Each structure stands twice: as structure tokens, then as C-alpha cells.
Asker: 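Below you'll find the structure I mean.
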Amino acid sequence: MTKHVLAQNQYGKAENRIVHVTRKGNDGSWHEIRDLNVSVALRGEFREVHLTGDNANCLPTDTTKNTVYAFAKEHGISSPEAFGILLAKHFVTSQAPIHEAQIRIEEYAWERISVPTRKEQHSFVRKGQETRTSQITFSEHTGQLQVISGLKDLTVMNSTNSEFHGFIKDKYTTLREAYDRILATKVTSRWAYSAAAASDGEFDWDRSYAKVRSHLLDAFAETYSYSLQQTLNQMAERVLDHCPRVNEVRLNLPNKHHFLVDLEPFGLKNDNEVYYAADRMYGLIEGTIHRDGVQPVIATSDWIVA
Ligand SMILES: O=c1[nH]c(=O)c2[nH]c(=O)[nH]c2[nH]1
């Protein structure tokens, strides 16, 4: 029998998605968020764990995950580096068999959507450009030029001012009513211009794009939401109200769920500070709003992935 050698090994929970909300100001209405993807890898005396099934030296990956969320509550997240240092030191100094801990953190950066008319600041847009889209169709039969513009991958978040309750409860319903939740979505939108705009040689398409984008953002930030469906309608209505040459707006809004982490088992109270950001599954809320009397033209069957 050849002898086999257990060489380098490490383990831990990877990709702990965490969103931490800090409330500042006298009334806590100025929110700051940190959005991290934290992976933990532990190295040390784990020969027995691999070779004999003796788990005496094994700190469960589940515990490493809990530690990440509990540390966010206990210490806050001043920077990914500072948070990583706290975690790495903790694992190595608290458990004898753990000799080395490696914490890898990706941070997703957000910018504030500032709403000048209100003091509360809890609306954010993910840094990095969204993709601008357009579809132009010209038909020789009708002589009609059709322009459908749009955007995708515009990720936005409100860290408060979102509720969801009063919904149907049947025997399969387990969802709890929410009176203060995070509302986040990655916006895909397309909007159709009037035929007059499409054939107006002077029309400023760049300016119009910027205007629609900013109305979508403002409506998202300013809507006190009772469902993502309601937010969807507000966003589209805002565009139709302010952009006379847009006839129809379609929105595909994946509900990027953020679940409050239960910190009670560690004797910690989670005052809507520490969230688990799930990437799947997601609610997918879609709809078209158009001017009365205008025939909708935007396809409704596209496959949208969050
Ligand atoms: O805004 C929401 N709309 C829903 O239809 C829904 N369903 C659900 O589980 N959560 C939510 N949130």
C-alpha cells in the first residue's frame, strides 16, 4: 500500500454576505452602510479531523459564519482591513488548534442618493456604471422608427422606509410581516419613446437618458415603500410625469433580500444593524406602465437574472 500524505489544508465558511447599517445623528436618521463578502479560512492542527473523524479540534464553519455577523454587531465595521484583523486574531488567539486564519474580504462600494428635500439619508446606489441599452427598429412597411432605451445593473438600496405586511397568509406562508426592512434591487428598465421623438433629428438622447436615470433613482429613494411593486409603479410614473417624450416604461426589479441576522443566541440584540445579503432566491417584480391610449411595445418575456 502506498502511503498518502495529507498536505496543505484549510477550511472555513466562504462568502458570508453581510450588510451593516450604522445610524448616525441625534435621531439616527443619517445611515451609513458597509457591504462585505467575507471568507474565512482556518489552518492548524486538523490532521485528526481529516484522518480519523475526531472533530475535537474542529471549530465548525457555521461558527465562523456566526462570528463574522456577531463581530459586526459588537465592533462595527470601520474598514474591511480593521474588521479582518479583528476576525483573524480572534480565531487564532481563542482556539489552541488554530494557528493561522486568513480572512478575505471584498467590499461593494455604494454612493449616497442624496435627497435634498429631506434630512434623513438612507438611499444608496452601487458604485460603478450601469450598462446603457437601446433597441432601434425601422420598418419600411410603416416608415416608423421605434426607439426603446434602457439600462441594466443599476443597484440601489434603501436601508429603511420599507415595509411589507398585510399580505395573503395561506398554510404555506411563513414570511413574517416587516415594518422596517432593507429594500434593495438591481434595476433593469426599458422605456419607449414616442414616434415623434424618434424621428426628431435634434433630440438629445444622452440628456434624456440621464434624465430618466435620475428620475428612476429619485423615485426609488423618495418612495416610502409598502412593497417593491408599489416602488416599481412610482418609479415608472415619475419617468412618465417628467419625460413627455417617453410613452412607456418597463421595469424588472429583483428583490435582493436582506435578512436580519438572529444574534440572540450570542446574547446580542440586532437593532436592524446586521443583515445577511442573500443572492438567491429572489422575488422578481416586473411591470409595464404606459400612457393611456398608447399601445405597449416593449417585450415582456425577457429573461432577467439578478
Ligand atoms: O415587496 C415585496 N413584494 C412581494 O410580493 C413580496 N413577497 C415576499 O415574500 N416579499 C415581498 N416583498
Side-chain angles (χ1 to χ4, degrees), residues 16-21 23 29 31 33 35 69 108 110 113 115 118 120-126 130 150-191 213 215-241 249-263 270-290 296 298 300-306:
N16 299 286
R17 290 282 290 104
I18 180 166
V19 170
H20 182 260
V21 181
R23 288 166 169 71
S29 66
H31 289 197
I33 56 168
D35 181 358
Y69 289 107
Y108 309 116
W110 296 79
I113 308 174
V115 182
R118 78 169 185 223
E120 305 87 48
Q121 295 294 341
H122 52 250
S123 301
F124 304 89
V125 56
R126 263 280 280 276
E130 71 279 359
L151 54 78
K152 58 181 184 179
D153 298 341
L154 180 68
T155 304
V156 288
M157 176 192 296
N158 283 327
S159 50
T160 188
N161 282 15
S162 165
E163 308 187 12
F164 185 64
H165 45 80
F167 43 79
I168 295 173
K169 282 130 200 135
D170 71 5
K171 69 175 185 169
Y172 303 113
T173 305
T174 57
L175 185 73
R176 297 235 221 109
E177 308 223 306
Y179 293 87
D180 186 7
R181 65 175 186 171
I182 284 184
L183 187 67
T185 183
K186 188 163 90 177
V187 179
T188 297
S189 178
R190 281 162 297 157
W191 52 92
R213 178 187 185 278
H215 284 302
L216 289 171
L217 283 182
D218 290 350
F220 177 82
E222 289 168 25
T223 299
Y224 191 107
S225 176
Y226 292 94
S227 69
L228 189 50
Q229 288 88 330
Q230 185 207 10
T231 297
L232 179 149
N233 188 63
Q234 290 287 316
M235 291 168 77
E237 292 238 36
R238 178 84 65 114
V239 173
L240 293 173
D241 282 345
V249 179
R250 182 157 181 87
L251 284 158
N252 309 77
L253 301 181
N255 192 353
K256 295 175 77 71
H257 300 298
H258 288 69
F259 299 110
L260 263 186
V261 179
D262 180 11
L263 300 174
N270 192 349
D271 287 320
N272 289 3
E273 288 164 90
V274 182
Y275 293 85
Y276 158 60
D279 68 339
R280 289 193 170 74
M281 302 108 7
Y282 50 88
L284 183 55
I285 314 298
E286 307 175 274
T288 301
I289 288 91
H290 62 83
I298 303 174
T300 59
S301 53
D302 291 359
W303 187 260
I304 304 290
V305 179

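Only a predicted model underlies this, so the values are computations on that prediction, with no experimental measurement involved. Note that ligands are numbered from 1 as they come in the structure, with each ligand's atoms numbered from 1 the same way.
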Asker: Any side-chain to backbone donor/acceptor pair from Asp218 onto Ala221? Under 3.5 Å, distance only.
Answerer: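 No, the answer is negative, given that no donor and acceptor are paired below the 3.5 Å cut-off.
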
Asker: So, for Phe259 and His257, is the gap between ring centers shorter than 6.0 Å?
Answerer: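 So the answer is yes for these two rings.
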
Asker: Could you check atom 9 (O) of ligand 1 against the protein and tell me its nearest heavy-atom contact, residue, atom and distance included?
Answerer: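 Looking at atom 9 (O) of ligand 1, the protein heavy atom closest to it is Leu175 CD2, 3.4 Å.
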
Asker: Any N or O of Gln229 that comes nearer than 3.5 Å to an N or O of ligand 1?
Answerer: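 Yes, there is a polar N/O contact under 3.5 Å.
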
Asker: Is there a side-chain contact between Tyr226 and His165 in this structure, where contact means two heavy atoms from C-beta onward sitting under 4.5 Å apart?
Answerer: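 Tyr226 reaches His165 side chain to side chain.
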
Asker: Below 3.5 angstrom, do we get any N/O pair linking Arg181 and ligand 1?
Answerer: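 Such a contact does occur with ligand 1.
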
Asker: Looking at Glu222 and Arg238, does any basic side-chain N land under 4.0 Å from a carboxylate oxygen?
Answerer: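 The answer is yes: the pair qualifies as a salt bridge.
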
Asker: Can you see whether Ser162 engages Ser225 through a side-chain donor-acceptor pair at a distance of less than 3.5 angstrom?
Answerer: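 Judged by distance alone, the side chains do not pair up.
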
Asker: Considering only heavy atoms, does Leu183 approach ligand 1 within less than 4.0 Å through its side chain, its backbone, both, or neither?
Answerer: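 The answer is neither; Leu183 stays 4.0 Å or more away.
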
Asker: Could you identify the single nearest non-hydrogen protein atom to atom 4 (C) of ligand 1 and state the distance to 0.1 Å?
Answerer: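 Heavy-atom neighbour on the protein nearest atom 4 (C) of ligand 1: Phe164 CZ, 3.3 Å.
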
Asker: Please identify which atoms of ligand 1 are closer than 4.0 Å to at least one heavy atom of Leu228.
Answerer: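 Once the distances to Leu228 are compared, the set is 1 (O), 2 (C).
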
Asker: Using a strict 4.0 Å cut-off to heavy atoms of Ser227, name the atoms of ligand 1 that fall inside it.
Answerer: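 Heavy-atom distances to Ser227 below 4.0 Å select 1 (O).
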
Asker: Do Tyr276 and His258 make the cut of ring centroids closer than 6.0 angstrom?
Answerer: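 No; His258 has its ring centre 6.0 Å or more from that of Tyr276.
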
